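Computed from heavy atoms alone, side chains included, the values below leave out hydrogens, waters and symmetry copies. Predicted model only: the values in this text are computed from it and were never measured.
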Amino acid sequence: MHKDCKKILFTEQQIIDRCKELGKQITEDYKDNHNDVLFVGILKGSVPFMAELVKRIDLNLQYDFIAASSYVGTESAGDIKIVKDLDCSVVDRDIVLIEDIIDTGLTIKKLKELLYHKGAHDVKVVALLNKQSRRTCDINADYVGFEIENEFVIGFGLDFQQNYRNLPYVGVLKEECY
């Protein structure tokens, strides 16, 4: 365990096992879809989760990335900024947004609105972690890896000041580190 980590919430194996379950469910839900589903990873935190998840989905799929940010330090600022937009059209597409964590829900809400505005047919959300206690808007993930309490988490893509993303597990950052 990393010296700045207070405890491990989910091991790499637990995450892999949950991705297998989520992949099976998503495959089942989209098996009759006649178009390739577009999986959109929200940079940067979703990358390890997305890489693990898409391996477990038995569908023709495409993927792209979007970068949106609302965090300053350990708190969501509430102001969503699109840093990198998609490279492909979403018109009449079924989209699955892939997020590392849903906290306040503002980023996901704004991204769903944006994708519908751009002409998406349907937008679903899969999140590795769901922190329901911090929700400030009416938004929920369609697929959730794990529910968590209100703790600052790092690892498996989650960061603090761009550090700790490479940890192979999800852990809680020690308070003295922030």
Side-chain angles (χ1 to χ4, degrees), residues 1-26 39-57 63 65-84 95-112 123-178:
M1 183 168 68
H2 192 281
K3 66 179 179 56
D4 295 340
C5 189
K6 182 163 95 174
K7 65 181 176 181
I8 294 175
L9 292 180
F10 306 105
T11 66
E12 183 175 20
Q13 190 58 55
Q14 287 174 304
I15 295 167
I16 290 168
D17 291 346
R18 187 66 181 125
C19 284
K20 289 176 182 176
E21 293 168 1
L22 290 170
K24 187 176 180 180
Q25 167 128 33
I26 291 168
F39 287 78
V40 175
I42 302 171
L43 295 174
K44 300 175 185 172
S46 73
V47 172
F49 175 49
M50 181 172 178
E52 190 60 47
L53 179 65
V54 296
K55 293 188 295 190
R56 314 303 177 177
I57 298 171
Y63 58 81
F65 297 93
I66 193 166
S69 179
S70 68
Y71 272 81
V72 177
T74 62
E75 291 297 320
S76 177
D79 181 25
I80 309 304
K81 295 175 184 69
I82 302 299
V83 182
K84 181 223 173 285
I95 311 294
V96 177
L97 273 172
I98 302 175
E99 180 65 299
D100 55 357
I101 185 170
I102 300 179
D103 192 329
T104 64
L106 292 172
T107 300
I108 290 295
K109 181 178 185 210
K110 294 291 185 185
L111 288 176
K112 282 185 80 167
V123 181
K124 300 277 191 231
V125 176
V126 57
L128 175 61
L129 304 174
N130 186 42
K131 195 186 290 187
Q132 191 68 41
S133 65
R134 297 260 306 152
R135 199 74 83 246
T136 61
C137 62
D138 186 24
I139 195 84
N140 289 300
D142 300 281
Y143 309 95
V144 173
F146 304 97
E147 299 286 340
I148 64 168
E149 298 300 319
N150 189 18
E151 297 179 288
F152 196 86
V153 289
I154 54 172
F156 217 83
L158 296 134
D159 75 298
F160 174 66
Q161 297 180 341
Q162 299 301 320
N163 293 310
Y164 311 109
R165 291 188 193 277
N166 62 315
L167 299 177
Y169 51 81
V170 172
V172 176
L173 184 63
K174 290 179 179 175
E175 290 84 1
E176 60 263 25
C177 295
Y178 55 90

**Prompt:** Between Arg165 (side chain) and Gly157 (backbone), is there a donor-acceptor pair under 3.5 Å?
**Reply:** yes
**Asked** Just by distance, do the side chain of Lys124 and the backbone of Ile95 share a donor-acceptor pair under 3.5 Å?
**Response** no
**Complete:** When every non-hydrogen atom of Ile154 is compared with those of Asp159, the smallest separation belongs to CG2-C, 4.2 Å
**Asked** Do the side chain of Arg18 and the main chain of Val144 share a donor and acceptor less than 3.5 angstrom apart?
**Response** yes
**Complete:** Smallest heavy-atom separation, Ile57 atom then Gly23 atom, equals CG1-CA, 3.8 Å
**Request:** Compare every heavy atom of Pro48 with every heavy atom of Lys44, then report the nearest pair and how far apart it is.
**Result:** O-CD, 4.5 Å
**Spacing of Leu129 atom CG and Phe156 atom CZ [to the nearest 0.5 Å]** = 10.0 Å
**Request:** Side-chain contact test, heavy atoms from C-beta onward, threshold under 4.5 Å: evaluate it for Ile26 versus Tyr143 and give yes or no.
**Result:** yes
**Request:** Report, as yes or no, whether the 6.0 Å neighbourhood of atom CD on Glu149 holds more than 12 heavy atoms from other residues, nucleotides or ligands.
**Result:** no
**Message:** Looking at Arg56 and Glu21, would you say the former's side chain and the latter's main chain have a donor-acceptor pair under 3.5 Å?
**Reply:** no
**Request:** Please round to the nearest 0.5 Å and tell me the distance separating atom OG of Ser46 and atom CD1 of Ile101.
**Result:** 13.0 Å
**Asked** Which pair of heavy atoms, one from Val170 and one from Gly155, lies closest together, and at what distance?
**Response** CG2-O, 4.1 Å
**Request:** Check whether any side-chain heavy atom of Asn130 sits under 4.5 Å from a side-chain heavy atom of Phe146, and report yes or no.
**Result:** no
**Prompt:** For the atom pair CD1 (Ile102) and SG (Cys137), what is the distance rounded to the nearest 0.5 Å?
**Reply:** 9.0 Å
**Request:** Start with the C-alpha distance between Leu111 and Ile82, add both sets of side-chain angles, then the distance that settles side chain to side chain contact (heavy atoms under 4.5 Å, CB included), and finish with yes or no.
**Result:** CA-CA 9 Å; Leu111 288 176; Ile82 302 299; 3.5 Å; yes
**Request:** Report yes if some heavy atom in the side chain of Lys20 is under 4.5 Å from a heavy atom in the side chain of Lys24; otherwise report no.
**Result:** no
**Prompt:** Should Lys6 and Glu175 count as an ion pair when the cut-off is N to O under 4.0 Å?
**Reply:** yes
**Asked** Do the non-hydrogen side-chain atoms of Ile66 and Lys84 ever get within less than 4.5 Å of each other?
**Response** no
**Prompt:** Measuring from Arg134:CZ to Ile148:CD1, what's the distance to the nearest 0.5 Å?
**Reply:** 10.5 Å
**Distance in Å, Phe152 CZ paired with Tyr164 OH, rounded so as to fall on 0.5 Å steps** = 9.5 Å
**Message:** Can you confirm whether or not the ring centre of Phe10 sits under 6.0 Å from the ring centre of Tyr169?
**Reply:** no
**Message:** For Ile139 versus Lys109, what's the shortest heavy-atom pair and its separation?
**Reply:** CD1-CA, 4.1 Å
**Request:** Quick one: do Leu53 and Leu22 satisfy side chain to side chain contact (heavy atoms under 4.5 Å, CB included)? Show the steps, please.
**Result:** CA-CA 7 Å; Leu53 179 65; Leu22 290 170; 3.8 Å; yes
**Asked** Between Glu99 and Val126, is a side chain to side chain contact (heavy atoms under 4.5 Å, CB included) present by the stated rule, with each step listed?
**Response** CA-CA 6 Å; Glu99 180 65 299; Val126 57; over 6 Å; no
**Prompt:** To the nearest 0.5 Å, how far apart are CD in Gln132 and CG in Asn150?
**Reply:** 12.0 Å
**Message:** Under 4.0 Å between a side-chain nitrogen and a carboxylate oxygen: does that hold for Asp4 and Lys174?
**Reply:** no
**Item:** side chain to side chain contact (heavy atoms under 4.5 Å, CB included) between Ile16 and Gln13, intermediate numbers included
**Value:** CA-CA 5 Å; Ile16 290 168; Gln13 190 58 55; 4.0 Å; yes
**Residues Glu147, Lys131: salt bridge by 4.0 Å N-O rule** = no
**Prompt:** What's the shortest heavy-atom distance between Thr104 and Arg135, and which atoms?
**Reply:** O-CD, 3.3 Å
**Message:** Tell me whether Asp100 contacts the main-chain N or O of Leu158 through its side chain, where contact means a donor paired with an acceptor under 3.5 Å.
**Reply:** no
**Request:** Output yes when a side-chain donor or acceptor of Glu52 lies under 3.5 Å from a complementary backbone atom of Phe49, and no otherwise.
**Result:** no
